[in-house]
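Protein chains get the first letters and strands the later ones, always in sequence-line order, with residue 1 at the start of each.
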Number of protein chains: 2
Amino acid sequence: MDSESGEAFPASIEAAWGLRERPHKGPKRGLTLERIVSAAVKVADEDGLDAVSMSRVGNELGSSTMALYRYLATKDELLTLMLDAAVGPPPPLPEGLGWRRGLESWATSMRAAILAHPWTVHLLMPKGPPATPNQLAWLDQFLQILQDTRLPASAKLATQLLISGHVWSHVSITAAITLDTEPGSLRRWREYEPFLRRVTGGGRLPGLRAALDEGAFGDDAGAPDDHFVFGLERALDGVEAHIRSLG
Amino acid sequence: MDSESGEAFPASIEAAWGLRERPHKGPKRGLTLERIVSAAVKVADEDGLDAVSMSRVGNELGSSTMALYRYLATKDELLTLMLDAAVGPPPPLPEGLGWRRGLESWATSMRAAILAHPWTVHLLMPKGPPATPNQLAWLDQFLQILQDTRLPASAKLATQLLISGHVWSHVSITAAITLDTEPGSLRRWREYEPFLRRVTGGGRLPGLRAALDEGAFGDDAGAPDDHFVFGLERALDGVEAHIRSLG
DNA sequence: GTCTAGCGTGTATGGTATACGCAGTATCGC
DNA sequence: GCGATACTGCGTATACCATACACGCTAGAC
């Protein structure tokens, strides 16, 4: 009665919320969504995201490939739930931090949660509205942190967009540098600076060349974490000024 | 002599810079990297990124699948060059804008360039350091815009991280809403608000619930562009305050 | 004129997601 | 108790995919 024809959100996501009533007939189910997802996470942790195939996950569970499709409609659903499980819920916030330190903590925790399973970086591109329990829990915590400010809700969401975008930027680059286990990837970063010198020769790309000459790409350039903190603080400065302007 | 054993960067990228000396022997080449890439872009524009297969691109050019491998070592290289070609170079900046309006313009142009080919969103995850001509041209323009400020080069780079992360956030969500042509995706957004009401029932996720009750997810919520502008302005406010503090 | 590097192509390999049908099982309505 | 039935896990089959490799040919180098 409630929904017209089909479900708007996949059954596997409803199941992740525990909203699915038990089916009553037929044989007992031999697997659990949770077991499937954590097996897939284990595979990704051990052998990378590319190693996660339906048959590999099935084997890992002592089941067949096709058994998984009794729990998931597509592989995409599995990936969505893997991201949700790997990132996990946000750690509880210390009390009385104030919104600014709260958001700092939120962003730092999110960065850490993602980098704890570097393959999650490749799943951050949203395929639809955020709908899984942990993803929404992170969003919820962000909004709670801003609750006592005078920011309207849409500004809170826009702020979340800004901060999470920055986190994404940072983890993407970090993952590209450190996660990449392909041969030659380290060499690529080592030879990056000379490469840039080459392509900025003859007056091309003067802005980039100036940064190079200032040593911004050298070995003694700041750690990527410094870039993360810098951007985060500037963003929060801007938000703070705006909040103040609201009285 | 210059490089020890192999090239750190793929030959196709060197070719994109026009740095490749012509090979002299053998039959004339029937194709061009440029022709291959633009054929692939055409396929992606018409039928989506999933339709871009080596055989499809080969067919599109009247060639065989394997001919492409004389120009590209892997499909990944093709995707990298597709992104570079689709985004294109940054539009020339109006003179005398000042850094703040310059960065606003930069971010807005970048957003527009990405959304002009929505499939590029799925290629924004960096696979290594940015090395293609147009990507570096965007970075260069960003750095040029900040050239007259007292910001040290590493802060300029960190600022670029912040702004481009925000652009990514925004285009990702925009693409997830509008680009998604799968059946049921529109319904999914339509039913998103009721879905959130359901999972925030019983006191769960109170921050999110409050935002819901404030109408932040309703049909009359601000356009996503408003969120983009809000975040961008806050970020620039923070950068501006920091620049001022440098004297 | 011969040599050979580089070209385009056809075929083969090992992988992928997933549609479909089958045989068995456990609960429901009676 | 006893079908009927809905659901289970699984084996097979399909249609892709990227790409390794070997072949015959072409055209510049010597």
Side-chain angles (χ1 to χ4, degrees), chain A residues 7 10-12 14-15 20-37 39-40 43-44 47-82 119 122-123 127 182-183, chain B residues 7 10-12 14-15 20-37 39-40 43-44 47-82 119 122-123 127 182-183:
Chain A
E7 316 291 335
S12 63
E14 306 258 343
R20 224 28 173 205
E21 75 271 35
R22 290 242 134 282
H24 289 86
K25 292 170 64 164
K28 284 184 222 159
R29 314 195 94 184
L31 293 173
T32 316
L33 242 195
E34 211 185 336
R35 288 224 300 141
I36 294 172
V37 171
V43 170
D47 295 327
L49 195 56
D50 287 348
V52 177
S53 69
M54 298 303 264
S55 86
R56 170 76 184 270
V57 174
N59 279 357
E60 213 78 14
L61 292 164
S63 294
S64 74
T65 304
M66 296 308 293
L68 308 183
Y69 285 96
R70 296 286 179 194
Y71 301 79
L72 298 156
T74 66
K75 186 185 179 180
D76 249 33
E77 292 185 16
L78 176 58
L79 295 174
T80 298
L81 294 172
M82 286 173 67
W119 47 267
H122 298 279
L123 301 177
K127 297 186 197 312
E182 287 165 48
Chain B
E7 317 289 338
S12 62
E14 305 258 343
R20 223 35 175 198
E21 75 269 33
R22 289 245 135 281
H24 290 86
K25 290 172 61 165
K28 281 185 223 160
R29 310 193 97 184
L31 293 174
T32 315
L33 243 196
E34 210 185 337
R35 287 223 303 141
I36 293 172
V37 171
V43 170
D47 295 326
L49 195 55
D50 287 347
V52 177
S53 69
M54 297 303 265
S55 86
R56 170 74 185 271
V57 174
N59 278 357
E60 214 78 13
L61 292 164
S63 294
S64 75
T65 303
M66 296 309 293
L68 309 184
Y69 285 96
R70 298 282 178 196
Y71 301 79
L72 298 156
T74 67
K75 187 186 178 178
D76 250 35
E77 293 184 18
L78 175 58
L79 295 175
T80 298
L81 294 171
M82 283 172 70
W119 48 267
H122 298 279
L123 302 177
K127 297 186 197 315
E182 287 164 48

Report, one pair per line, the protein and nucleotides 26-29 of chain D atoms (nitrogen or oxygen only) whose separation is under 3.5 Å.
{"from": "D/dA27", "atom 1": "O4'", "to": "B/Gly26", "atom 2": "O", "distance (Å)": "3.4"}

Closest non-hydrogen atoms of A/Leu78 and A/Ala40, given as atom of the first, atom of the second and distance, are CD1-CB, 4.0 Å

Would B/Leu123 and B/Leu49 satisfy side chain to side chain contact (heavy atoms under 4.5 Å, CB included), going step by step from the backbone distance to the final call? CA-CA 9 Å; B/Leu123 302 177; B/Leu49 195 55; 3.9 Å; yes

A/Met54 atom CE is separated from D/dG9 atom P, nearest whole Å, by 13 Å

Here the distance between atom P of D/dA18 and atom CD of B/Glu77, to the nearest Å, is 14 Å

Residue pairs passing the salt bridge (charged side-chain N to carboxylate O under 4.0 Å, His left out) test with at least one member in residues 61-75 of chain A, sequence neighbours excluded, are none

side-chain contact (heavy atoms from CB on, under 4.5 Å) filter on A/Ser12, not counting sequence neighbours, yields A/Pro10, A/Leu33, A/Leu72, A/Glu77, A/Leu81

Under a 4.0 Å heavy-atom cutoff, the residues of residues 55-70 of chain B touching DNA chain C are B/Ser63, B/Ser64, B/Met66, B/Ala67, B/Arg70

A/Leu33 atom CG is separated from D/dT8 atom P, nearest whole Å, by 12 Å

Separation of C/dT16 atom C1' from A/Leu49 atom CG, nearest Å, is 14 Å

The side-chain contact (heavy atoms from CB on, under 4.5 Å) partners of A/Arg35 (sequence neighbours excluded) come to A/Leu31, A/Thr32, A/Leu61

One should read off an interatomic distance between A/Leu68 CG and A/Thr74 OG1, to the nearest 0.5 angstrom, of 12.0 Å

OH of B/Tyr69 to OG of B/Ser64, rounded to nearest 0.5 Å, is 11.0 Å

Atom CZ of A/Arg29 and atom C1' of C/dT25 are separated, to the nearest Å, by 14 Å

Residue set satisfying side chain to side chain donor-acceptor pair (under 3.5 Å) with A/Asp47, at least two apart, ordered chain then number -> A/Arg56

Separation of D/dC17 atom P from A/Lys75 atom NZ, nearest Å, is 16 Å

